[in-house]
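Source: prediction; values computed, not measured. Just so you know, ligand 1 is whichever comes first in the structure, and atom 1 is the first atom listed for that ligand.
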Amino acid sequence: MTTSSPLLPNFVGGQWIHGTGAGTPLFDPILGTELARVDATGLDLPEAFRFAREVGGQALRALTYRQRAALLAQVAQVLQANRADYEAISVANSGTVKADTAVDVDGGIYTVGVYAKLGDGLGDVFHLTEGDAARLGKDPLFQSQHVAVPTRGVALFINAFNFPSWGLWEKAAPALLSGAPVIVKPATATAWLTQRMVQDVVNAGILPAGALSVICGSASGLMDQLQAFDVVSFTGSADTAAVIRSHPAVVQRSVRVNIEADSVNSALLAPGEANAEALDLLVKEVVREMTVKSGQKCTAIRRIFVPEALFDSAASAIAARLASTTVGNPRNEAVRMGAVVSRAQFNAVQEGLQALKAHTEVLFDGNTLPLVDADPAQACCVGPTLLGARNPDNHPVVHDVEVFGPVATLMPYRDEAHALALVRRGQGSLVASVYGTQADDLARIALALADSHGRVHVISPDVKAAHTGHGNVMPQSQHGGPGRAGGGEELGGLRALRFYHQRSAIQASTAVLGAGVAPATAKA
Ligand code: NAP
């Protein structure tokens, strides 16, 4: 291990500034080598937030939606041009195979591109209108028009370690399009990729000064900077989410907060489905979800529900596919699944696995297979593990514990009502997927699960080649879920812009409304 790795600078107040501390090291989770250090000690945070809020915010709000969309299109081009660097950083710092790197890096670039297109459609306007003007009395002269204007605050993002690229851009694209300046604090373990992407975009000189800042290292003091019109979007664990929610900025200053927390997502084979193709679709998707990014996706399938009669055949089909998953060094072309991002995460996965194993049976244990091209004493690799819980009612842990790794639990159900009740035991999830062949049944189940999920992904044989994947978050669809999932809402096309806008009802004469409030503006 070397101690001479570079200290990555922060970008605040329009300047690159190193922290004054020794820094926290970032490691290669396969080789154990130190890659870089991050540190935010000594930064003038009040000035950093003032600069973003006043200088960045003003410059962004002076542009129309279409002009800001054009900037996003340029950002996507810069990111695309530097993609090879991002892949190298991702392999080294996140331990991901190329396909998993693509989910994060290409997913982020694609999302920026989608918002560039959506924003172009909003046109050269400075605010959005919601609905039509409404009469407030008998006389039609006096009416109310709802408008949405960009917030005059800063958007602070506190992000999780598993998506250093996508996690930045899925939030930054709608924020910047809305006219809100962004300060991102990536999770320390994988901060390098976020920092490099911001560096490339800043160096390209696309965005106005103050529009995009990055602070790497401790989150200490960040929330204290937030003022009345700022917003904070957090992605991470429920424990940290609770700290954010109870901060005085939120409780006393009404800073708007969006929380994306953990989630025990489900896959459900529809009742009465003896159809082999439906089972096959479920098996493929479960295995993909368990192994992509070593299961470190907030949307990954953690619980699998099948009709009682199909428990054993589902178990053996999933196990057979998992058995062919090669785990090890992502630089080796034969490897399909790399590492979890750090020793701390490796330990957290082992701990969670033990908690689940105490109340389940092991149906497949990928940890008995050798790693490819990696030292098991050093590499943070976890084999895929399929568990089984034959009595899921009143189960003490399986509906509660999210193991953030390649682990899922198979469970049987008796009938549709039982299946829906078990899925809802997750207390609110980001996504559930449903597999089957009967359109009527699938529609009914999807609508039934909509009350407790931010997204319901339905896979039938007709869409087997067209569907986008249970765990893939598409910018056109909402991301976020109720209850345990944090209660947040992101993406969903232009719906994402609402978080970065203030809605106001303008009550005035039709002449005033017609003088620039209501007409010729884009609809929110
Ligand atoms: P975490 O420990 O809660 O950390 C998340 C972020 O919060 C990091 O940037 C962390 O910084 C920062 N942080 C830590 N303590 C803080 C504090 N007291 N005040 C303000 N910020 C603080 O979560 P994680 O372990 O990185 O992420 C894994 C979890 O995120 C999983 O449970 C997963 O389900 C969830 N997740 C959810 C989504 C979603 O969209 N719903 C997406 C991805 C992940 P440091 O890294 O410097 O500690």
Just distances here: any N/O of [X] and N/O of ligand 1 closer than 3.5 Å?
| X | answer |
| --- | --- |
| Thr235 | no |
| Ser237 | yes |
| Phe163 | no |
| Ser218 | no |

[X] contact mode with ligand 1 (heavy-atom cut-off under 4.0 Å):
| X | value |
| --- | --- |
| Glu402 | side chain |
| Phe404 | side chain |
| Ala485 | neither |
| Asn162 | side chain |
| Thr299 | neither |
| Ile244 | side chain |

Using a strict cut-off of less than 4.0 Å between a Lys/Arg side-chain nitrogen and an Asp/Glu carboxylate oxygen, indicate whether Arg83 and Asp106 qualify as a salt bridge.
-> yes

Between Phe161 and Phe404, ring centroids under 6.0 Å |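 Ring centres of Phe404 and Phe161 closer than 6.0 Å.
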
Side chains of [X] and [Y]: is there a donor and an acceptor less than 3.5 Å apart?
| X | Y | answer |
| --- | --- | --- |
| Asp224 | His247 | yes |
| Ser5 | Glu34 | yes |
| Tyr86 | Asp104 | no |

Any protein heavy atom < 4.0 Å from atom 26 (O) of ligand 1 = yes

Residue-ligand contact Ala348/ligand 1, heavy atom below 4.0 Å |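 The answer is no: ligand 1 sits nowhere under 4.0 Å from a heavy atom of Ala348.
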
Tell me, please: is Phe161 in heavy-atom contact with ligand 1, that is, under 4.0 Å?
->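 Yes.
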
Over 12 foreign heavy atoms within 6.0 Å of CG, Asp451 = yes

For atom CZ of Arg152, decide whether the heavy atoms of other residues, nucleotides or ligands shown that lie under 6.0 angstrom number more than 12.
->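 Check fails, neighbour count at 12 or below.
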
Atom pair CG/CE of Leu45 and Met223 - distance to nearest 0.5 Å |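 It comes to 13.0 Å.
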
Determine, considering heavy atoms only, which of Gly486, Cys298, Ala344 sits nearest to atom 38 (C) of ligand 1.
->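 Going through Gly486, Cys298, Ala344 one by one, Cys298 has the nearest heavy atom to atom 38 (C) of ligand 1.
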
Check whether any side-chain N or O of Thr291 sits under 3.5 Å from a backbone N or O of Ser294 as a donor-acceptor pair, and report yes or no.
->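 Flag not set: sc Thr291 to bb Ser294 has no pair under 3.5 Å.
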
The closest protein heavy-atom partner of atom 40 (O) of ligand 1 is His479 NE2, 2.7 Å

Stepwise side chain to side chain donor-acceptor pair (under 3.5 Å) check, Thr41 with Asp39 = CA-CA 6 Å; Thr41 315; Asp39 185 55; 2.7 Å; yes

